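One structure is given below, encoded as structure tokens.
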Amino acid sequence: MTAVWWVCLVCYGLAMGYIVKGLLRGQLLSKKLVLGLTVVGLVAHAAVLYPKIATPFGLNFNLYNVLSLTSWLVLLFYVGFCLLRPIVALGVLALPLALGGAMVGYLADAPYHAIYQLSPMLQAHIVASIAAYCLLVMAAVQAVVLRLQIAELKRVREHPLWVNRLPALQSMEALLFDMIGAGFVLLTVALGLGFADTTNLLAQHLTHKTVFSVLSWLVFGALLIGHWRYGWRGGRAANMTLYGVALLAIAFLGTKFVLEVVLQRG
């Protein structure tokens with residue numbers, strides 16, 4: 001399994017290095033090469049991560065496994081969007097995220113009580129929650145790139161080659177709202193299923209997670225309404241996306257960190 005893990009790291013590293021080199025030198029990026037290396041890395045990453053999550057005693061969603069799984073799904077969504085839109089350059093942020101997630105998931109461990117005998121509603125809630133989180137993390141990555149692009153385009157000088165290699169600003173904004181819209185729908189479904197399946201927020205240590213998740217949902221809802229009604233875009237849209245994802249990260253990972261690492265509870 002160690003050899004497979006190294007295959008994952010090498011493929012992610014090579015794809016990331018190729019993109020960085022291309023952006024710095026203003027070279028055309030080969031989508032086939034980037035996606036080929038990324039897909040091989042994703043397969044190796046999955047091969048290492050699966051037995052850590054699907055244990056003989058049940059599902060192990062400890063903090064580090066969730067980080068690794070989240071980074072894997074983010075990269076998977078990146079590959080999917082690359083097939084539809086010219087966003088290969090965004091791998092400069094998605095690939096380091098996956099590389100870090102793969103390393104943390106393999107090297108770190110945290111106490112956790114394996115999950116078994118889940119109700120169908122709870123299983124759907126977990127799937128929708130992770131999918132929503134990953135899509136909105138992708139939106140955050142897109143927001144970071146969009147902010148950098150806007151800042152550079154405002155400078156009164158020749159733009160760096162890496163900015164020239166990015167899609168048009170309108171295309172970047174359209175992709176951002178595509179991700180936010182899809183993530184918001186999944187987050188709404190996840191919250192609805194979670195509320196329906198929860199019996200006692202305090203006893204299940206879900207109060208903080210629920211509060212921050214709802215706050216994140218409100219931020220994204222306000223952003224979508226503002227975009228539709230008032231034409232919010234550009235820097236405001238990017239900033240609100242980052243705020244919403246930060247709240248969701250506190251809900252999704254902050255709670256797990258406190259319970260599993262600080263308090264040493266499963």
Side-chain angles (χ1 to χ4, degrees), residues 1-24 29-83 87-116 118 123 126-127 129-131 133-138 140-141 249 252-266:
M1 193 60 68
T2 301
V4 177
W5 180 65
W6 277 109
V7 169
C8 169
L9 299 188
V10 169
C11 287
Y12 286 170
L14 287 175
M16 180 175 63
Y18 173 75
I19 293 176
V20 170
K21 178 183 176 182
L23 290 176
L24 291 176
L29 297 174
S30 170
K31 179 186 289 189
K32 291 183 179 179
L33 177 59
V34 172
L35 295 189
L37 288 169
T38 302
V39 169
V40 173
L42 280 170
V43 172
H45 191 163
V48 173
L49 181 60
Y50 179 78
K52 292 179 70 67
I53 292 180
T55 72
F57 307 102
L59 298 177
N60 183 355
F61 282 118
N62 69 36
L63 173 66
Y64 304 117
N65 285 348
V66 168
L67 283 172
S68 184
L69 177 61
T70 300
S71 69
W72 184 85
L73 285 171
V74 165
L75 199 59
L76 183 66
F77 281 126
Y78 160 76
V79 170
F81 280 115
C82 276
L83 297 175
I87 61 166
V88 176
L90 296 185
V92 73
L93 293 176
L95 281 160
L97 204 67
L99 182 63
M103 294 179 67
V104 168
Y106 185 79
L107 298 174
D109 198 10
Y112 193 81
H113 294 300
I115 302 175
Y116 59 93
L118 296 178
Q123 292 181 41
I126 292 174
V127 172
S129 297
I130 295 177
Y133 181 72
C134 292
L135 266 175
L136 293 172
V137 167
M138 282 291 295
V141 173
F252 196 62
L253 298 176
T255 302
K256 294 184 72 65
F257 177 80
V258 172
L259 288 174
E260 297 175 16
V261 178
V262 177
L263 301 179
Q264 294 291 305
R265 295 178 182 176

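Residues take their numbers from the sequence shown, with the count starting at 1. Quick caveat: nothing in here was measured; it's all calculated off a predicted structure.
- Tyr106 pairs in a side-chain contact (heavy atoms from CB on, under 4.5 Å) with only one of the listed residues (Leu49, Val48, Asn65), which is Val48.
- Of all the heavy atoms in Met16 and Pro96, the pair that sits closest is SD-CG, 3.1 Å.
- Taking both residues in full, the closest heavy atoms of Ala46 and Pro51 are given as O-CD, 4.5 Å, listed atom of the first, atom of the second, then distance.
- Residues Tyr133 and Leu73 form no side-chain contact, since every pair of their non-hydrogen atoms from C-beta on lies 4.5 Å or further apart.
- A pairwise comparison of heavy atoms in Cys134 and Phe77 identifies CB-CE1, 3.8 Å as the closest pair.
- Interatomic distance, CG of Leu37 versus NZ of Lys32, reported as 14.0 Å (0.5 Å rounding).
- Closest non-hydrogen pair, Thr38 versus Tyr12, comes out as O-CE2, 4.0 Å.
- By the 4.5 Å heavy-atom criterion applied to side chains, Leu9 and Trp6 are counted as neighbours.
- Between atom CE of residue Met103 and atom CG of residue Leu67 there is a gap of 13.5 Å, rounded to the nearest 0.5 Å.
- Separation of atoms CG (Leu29) and CG (Leu23) is listed at 5.5 Å; rounding is to 0.5 Å.
- Rounded to the nearest 0.5 Å, atoms SG (Cys11) and CG (Leu42) are 9.5 Å apart.
- Within 6.0 Å of NZ on Lys31 lie more than 12 heavy atoms contributed by other residues, nucleotides or ligands.
- Taking 4.5 Å as the limit, every side-chain heavy atom of Val43 sits out of range of all side-chain heavy atoms of Val7.
- In terms of modelled atom types and a separation under 3.5 Å, the side chain of Trp5 and the main chain of Ala102 share a donor-acceptor contact.
- Considering CG of Leu135 and CZ of Phe81, their distance stands at 5.5 Å, rounded to 0.5 Å.
- Side-chain atoms of Tyr78 and Val141, non-hydrogen and from C-beta on, never get closer than 4.5 Å to each other.
- The shortest distance between side-chain heavy atoms of Tyr18 and Leu95 does not fall below 4.5 Å.
- With rounding to the nearest 0.5 Å, the separation of CG in Asn62 from CD1 in Ile53 is 8.5 Å.
- Contact of the Leu75 side chain with the Leu97 side chain is not registered, since no non-hydrogen atoms from C-beta on lie closer than 4.5 Å.
- A side-chain donor-acceptor contact under 3.5 Å links Thr70 to the backbone of Val66.
- Between Ser71 and His45 the shortest side-chain heavy-atom distance falls below 4.5 Å.
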